[in-house]
Amino acid sequence: MKEYMITTIDNPFDPFTQPDEWYQFDESKGYHTCQILAKLAYTSPELSEEDNADAINQAVDILCKLNPLGLYKKVENNSDN
C-alpha cells in the first residue's frame, strides 16, 4: 500500500523521515496543516486502521484540491521502509 502525506511547497523537511522538523516548520509558518486535516478527516477509534488511513488520504486530496493558499502538495513515501 502506498503511503501519502501532505506538505507545503516551501517546507524543506520530509514528513515521512523528518516529522518533527516538518511539523515545527509548518507551525512556525502558521499553516497548521495537521489541524486543518483533522477538521477535514472523518476518523474514529471505532474504524479500522485502513479506514482511518483512507479518511486521512481523502482529507489530503480535498485540501490539495481546495489549496486556498496555493501551498499544498501530496507527496508519496519514497523510502525503502
Y4 reachable from L37 in the ILVMFWY side-chain graph, under 4.5 Å edges: no
Let me confirm one number: the CG-CG distance from L69 to L66, rounded to the nearest 0.5 Å. 11.0 Å
Using distance only, find each side-chain donor-acceptor pair of residues 56-64 under 3.5 Å and give its atom names and separation, not counting sequence neighbours.
residue, atom, partner, partner atom, Å
N57, OD1, K74, NZ, 3.2
D61, OD1, K74, NZ, 2.7

Reported CD-to-CZ distance for the pair E3 and F16, which is rounded to 0.5 angstrom: 5.5 Å
Would a distance-only check, ignoring hydrogens and angles, find a side-chain to backbone donor-acceptor pair under 3.5 Å from D26 to H32? yes
Mind checking the NZ-OG1 spacing from K29 to T8? Nearest 0.5 Å is all I need. 8.5 Å
State which residues pass side chain to side chain contact (heavy atoms under 4.5 Å, CB included) with Q24; sequence neighbours excluded, sorted by chain then number. none
So, N67 side chain and Y72 main chain: donor-acceptor pair closer than 3.5 Å or not? yes
Would you call T7 and K73 a side-chain contact if the rule is heavy atoms closer than 4.5 Å? yes
4.5 Å side-chain heavy-atom contact, L71 and Y31: yes
Under the side chain to side chain contact (heavy atoms under 4.5 Å, CB included) rule, collect the residues that match up with Y42, sequence neighbours excluded. none
Across all chains, not counting sequence neighbours, the side chain to side chain contact (heavy atoms under 4.5 Å, CB included) partners of S44 are E46, L47
Residue list, side chain to side chain contact (heavy atoms under 4.5 Å, CB included) with D20, at least two apart or on another chain: none
Who clusters with W22? Use side-chain heavy atoms, under 4.5 angstrom, across I, L, V, M, F, W and Y, and order the result by chain and number. F13, Y23, F25
CG of N11 to OG1 of T33: how many Å apart, nearest 0.5 Å? 8.0 Å
